[in-house]
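The structure under discussion appears below in the form of structure tokens.
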Amino acid sequence: QVQLVESGGGSVQAGGSLRLSCAASGYTANMLCMGWFRQTPGQERERVASIHSDGSARITDSVKDRFTISRDNAKNFYLEMNSLKPEDTAMYYCAAVPSTPRYCVNAYNHEQYRYWGQGTQVTVSS
């Protein structure tokens with residue numbers, strides 16, 4: 001069982017930055033796909049970025065010039081968000097699933113992830 005705990009959300013003005021963190025525990029193997037999703041009311045969860053334990057990463061085209069995903073070891077990962085826009089306002093979730101690197105880069109759908117954090121709200125005001 002993997003437990004995920006997010007932190008770092010909040011309210012910022014447009015153009016500002018936030019760094020979301022996700023700490024994963026309860027998993028010892030080094031084959032974990034970790035992703036960031038966001039969701040607004042009435043919409044499906046949208047993958048923002050994913051990174052595998054081996055470091056291979058993908059970021060959604062719509063944010064790749066502003067967001068960065070990283071990790072400092074196999075179990076802690078981050079989403080650095082710069083030049084935030086009001087349309088980035090959403091609940092952000094970290095998610096994880098044991099997987100190969102190839103599975104991870106193609107895991108766009110929230111149903112492909114097994115474990116979820118509680119979510120952290122990001123609000124960007126204009």
Starting at [atom1] of [X], measure out to [atom2] of [Y] and round the result to the nearest 0.5 Å.
X      : Y     : atom1 : atom2 : result
Ser125 : Lys85 : OG    : NZ    : 15.5 Å
Glu6   : Cys22 : CD    : SG    : 5.5 Å
Ser21  : Asn76 : OG    : CG    : 8.0 Å
Arg114 : Gln1  : CZ    : CD    : 9.5 Å

Group every Ile, Leu, Val, Met, Phe, Trp and Tyr by side-chain heavy-atom contacts under 4.5 Å, then state whether [X] and [Y] land in the same group.
X      : Y      : answer
Met31  : Phe77  : yes
Leu79  : Val2   : yes
Tyr78  : Tyr115 : no
Val122 : Phe37  : no
Leu32  : Ile59  : yes

Parallel, tilted or perpendicular: ring planes of Tyr92 versus Phe67, cut at 30 and 60 degrees | tilted
Report the relative orientation of the aromatic rings in Tyr93 and Trp116; use parallel for angles under 30°, tilted for 30 to 60°, perpendicular for over 60°.
-> perpendicular
Search all heavy atoms of [X] against all heavy atoms of [Y] and return the closest pair with its distance.
X      : Y      : value
Arg102 : Val105 : O-CG2, 3.3 Å
Ile51  : Ala57  : CG1-CB, 4.0 Å
Ser83  : Asp88  : O-OD2, 4.5 Å
Arg38  : Val63  : NH2-CG1, 3.8 Å
Ser62  : Glu46  : OG-OE2, 4.3 Å
Tyr113 : Cys104 : OH-O, 4.3 Å

Taking the side chain as everything from C-beta on, heavy atoms only, tell me whether [X] gets closer than 4.5 Å to [Y].
X      : Y     : result
Arg71  : His52 : no
Ser17  : Met81 : no
Thr89  : Thr40 : no
Gln121 : Ser11 : no
Arg58  : Arg47 : yes
Asn109 : Arg45 : no

Within the side chain of Ser50, is there an N or O that forms a donor-acceptor pair under 3.5 Å with the backbone of Gly35?
->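 The answer is no, because no donor-acceptor pair under 3.5 Å joins these two groups.
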Under the side chain to side chain contact (heavy atoms under 4.5 Å, CB included) rule, what do Thr60 and Tyr108 come out as? Steps first, then yes or no, please.
-> CA-CA 9 Å; Thr60 295; Tyr108 295 97; 5.8 Å; no
Atom CD of Gln118: over 12 foreign heavy atoms under 6.0 Å =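 Counting other residues, nucleotides and ligands, CD of Gln118 exceeds 12 neighbours.
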